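Notes follow the structure.
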2 protein chains.
Amino acid sequence: MLNTPMSEIRSTSATARNVSAAVARQGKLWSNLSEVCDLLRIPASLGAFQDDFQFQHMQFKSGQRVHTIGQPFDMLYIVYSGFLKTVIIDESGNEQVLGFPMKGDLFGIDGIHGKQYSTEAVALSNCEIILVPFKAFLAIGRANAELEAAIYGVMSRELVREQSLIGTLGSLSAEARVARFLVSLSERFSDMGYSGKQFNLRMTRQEIGNYLGLTLETVSRTFSAFNAVGLISVDQRAIVLHDIQALRTLRRLPPSHARAKAEAAKALKLAAANKEAQAAAGAEVQAAV
Amino acid sequence: MLNTPMSEIRSTSATARNVSAAVARQGKLWSNLSEVCDLLRIPASLGAFQDDFQFQHMQFKSGQRVHTIGQPFDMLYIVYSGFLKTVIIDESGNEQVLGFPMKGDLFGIDGIHGKQYSTEAVALSNCEIILVPFKAFLAIGRANAELEAAIYGVMSRELVREQSLIGTLGSLSAEARVARFLVSLSERFSDMGYSGKQFNLRMTRQEIGNYLGLTLETVSRTFSAFNAVGLISVDQRAIVLHDIQALRTLRRLPPSHARAKAEAAKALKLAAANKEAQAAAGAEVQAAV
DNA sequence: CGGTAATTTGAATCTTTTCAAGTTGAGTGG
DNA sequence: CCACTCAACTTGAAAAGATTCAAATTACCG
């Protein structure tokens, strides 16, 4: 089930298709300022008239690193296409996933302070990345005051995103973390023009668990539990969200013995009654405390 | 024990004392740009010659809010003196502490994106805060290119600080979290010119626990355990760090039954032998995995 | 000096992790 | 094209770690 590749769901514009074709041929491309602003979700009007700035693209194969920890900082990066993860590595070599940058996301900001990157960005798929030399980045702000305010806004957005992750790690159960992770992915896919209801995960259970402060087994079990109560369908990397609102506010699933009772009740009845039991199990999902 | 008030440990400069006196009289004061740069740890040379910018101070009593969630954004804030906490509040009213701003820290950045604050800043003691209108903040950057780069650096620093918190929440045991929290406080106090070895906590166990993703009981127990093995001394809010390096790299304390055995051994012997057992328990602290 | 908030500590419980084993799936070479 | 292999994933059972609930003690504010 659910093996539809992402590319078939994608709502590709004519421009995007031409661009992809071009990339496939030359593996290289440039973006102008207004395209970059558009990607970063900065009101287009601000950067529309500036064509002095051109930004080079660069291709990365799955597994390649865009930048590594300790590497001298001189670039910011914007995802043009593909999926990545950013990680920090502590003194004993343990990774901590900080985020999963995708189309329109800016990364590398951590390098400004300290003049070297404190994180590592790894491509999870083949990626096309826009290179933004920090010097150019500064020059843009100087050239246009409104744009500069918008740039601060983009950095602030990153900060808020991280704060939200802190909130997730600091106070939610495993189930709530996984649920919100799925909702957050859903929203980002929607923004990108993909389906927010069904999509393929681009990262492993290990990476998800690491990101959420859980083990891969807990992530797997939680997916299975959500699947069992009908909140989602999972098959490996393929996900379908059946009740986004429930996922959004979920705090805990009913304890498994209660679910087992529900299962038992379901088993006693037959086909027709079956559906009602399913619905009941779904309704039993707890929301706020 | 350890009731020395912070003010006695403080190494107060002549300027700072005059300033404090002035504040006590008028409850109001202005800072110029070079003073602000100094506070933010921006190389002094950059802002030294600019006297066009003046920033107003404002007093907050313990418990007062500097800004609240949803409030329209138009200011950034720099701590001149005192201690605060910043929190987010989720849809069901639960707080999550994000940080404890103190002297020299910039906060309010989260408000830039979205034009309203997404966090709340609460004074934990009487505070003096420098108000930096965002317009002025932008103007500073425009007036001086080098300064602008430094400003981005300060924002980047905040981002890195949050990433480090994410790493802590995502992968460390309760004991390691508390240990690193103490080390981090120690370093900040040192930077401020206070003692990094002994200090008073400005926040409750509840607030520490919330910040670290733990319950207040776990924090209290962990303090007690560190105290028992001689890593620190605790008495209410008063803390003495006896082995900062051990705290920095600590992953787990030996299981309590092992410590109990050590205690038993200690009980059998007497005064002189006592000290050796203590040392042994200290040495037993595990570091890397 | 009384009253409330903060802290400590114990015991039981619950969640998540750890360890272990088996399954599935994609890619590779014969 | 199929067997083989490795990584990813799933699931179970036991163990560990942290939380919850409860009670007692200690500070601190007015």
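Worth saying up front: this structure is predicted, and the values here are computed from it rather than measured. Each chain gets a letter, A, B and so on, in the order the sequences are listed, and its residues count up from 1. As a basis for the values below, the full set of heavy atoms in this structure was taken, side chains included, without hydrogen atoms, waters or symmetry mates.
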salt_bridge(A:Asp90, B:Arg251) N-O dist < 4.0 Å:
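Salt bridge flag = yes for B:Arg251 with A:Asp90.
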Salt bridge check, A:Arg161 against A:Glu187: does any charged N sit closer than 4.0 Å to a carboxylate O?
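Salt bridge flag = no for A:Arg161 with A:Glu187.
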Would you kindly give the [atom1]-to-[atom2] distance between [X] and [N], to the nearest whole Å?
| X | N | atom1 | atom2 | answer |
| --- | --- | --- | --- | --- |
| A:Arg177 | C:dT16 | CZ | P | 8 Å |
| B:Asn126 | D:dC29 | CG | P | 12 Å |
| A:Leu172 | C:dT16 | CG | C1' | 15 Å |
| A:Leu214 | C:dT17 | CG | C1' | 10 Å |
| B:Asn200 | D:dA27 | CG | P | 14 Å |
| A:Asn210 | C:dT17 | CG | P | 11 Å |
| A:Leu212 | C:dT15 | CG | C1' | 16 Å |
| B:Leu253 | D:dA16 | CG | P | 16 Å |

Is any side-chain heavy atom of A:Phe226 closer than 4.5 Å to one of A:Leu247?
yes
Is any side-chain heavy atom of A:Val66 closer than 4.5 Å to one of A:Phe107?
yes
Between the CG atom in A:Leu169 and the CG atom in A:Leu212, the distance rounded to the nearest 0.5 Å is 7.0 Å
To check you understand the geometry: which heavy-atom pair defines the closest contact between A:Ser186 and A:Gly196, and what is its length?
OG-O, 2.7 Å
Can you name the nearest heavy-atom pair linking B:Arg248 to B:Arg180, along with the distance?
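The pair with the smallest heavy-atom distance is O-NE, 3.9 Å.
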Give each protein N/O atom lying under 3.5 Å from an N/O atom of nucleotides 6-11 of chain D, with the pair distance.
from, atom 1, to, atom 2, distance (Å)
D:dC9, OP1, A:Arg237, NE, 2.5
D:dC9, OP2, A:Arg205, N, 2.8
D:dT10, OP1, A:Arg205, NH2, 3.2
D:dT10, OP2, A:Arg205, NE, 2.8
D:dT10, OP2, A:Arg205, NH2, 3.3
D:dT10, OP2, A:Ser220, OG, 2.8
D:dT10, O5', A:Ser220, OG, 3.3
D:dT11, OP2, A:Ser224, OG, 2.6

Looking at A:Ser220, is its backbone amide N or carbonyl O close enough to the side chain of A:Arg205 to form a donor-acceptor pair, meaning the two atoms are under 3.5 Å apart?
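Checking the backbone N and O of A:Ser220 against the side chain of A:Arg205, no donor-acceptor pair under 3.5 Å is found.
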Are A:Tyr194 and A:Phe199 near enough that their ring centres are under 6.0 Å apart?
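Not close enough - the centres of the two rings lie 6.0 Å or further apart.
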Global bending angle along the helix from C:dC1-D:dG30 to C:dG30-D:dC1, which compares the axes of five pairs at either end, to 10 degrees
50°
Touch class at under 4.0 angstrom, heavy-atom based, for B:Gly213 against every strand present
sugar-phosphate
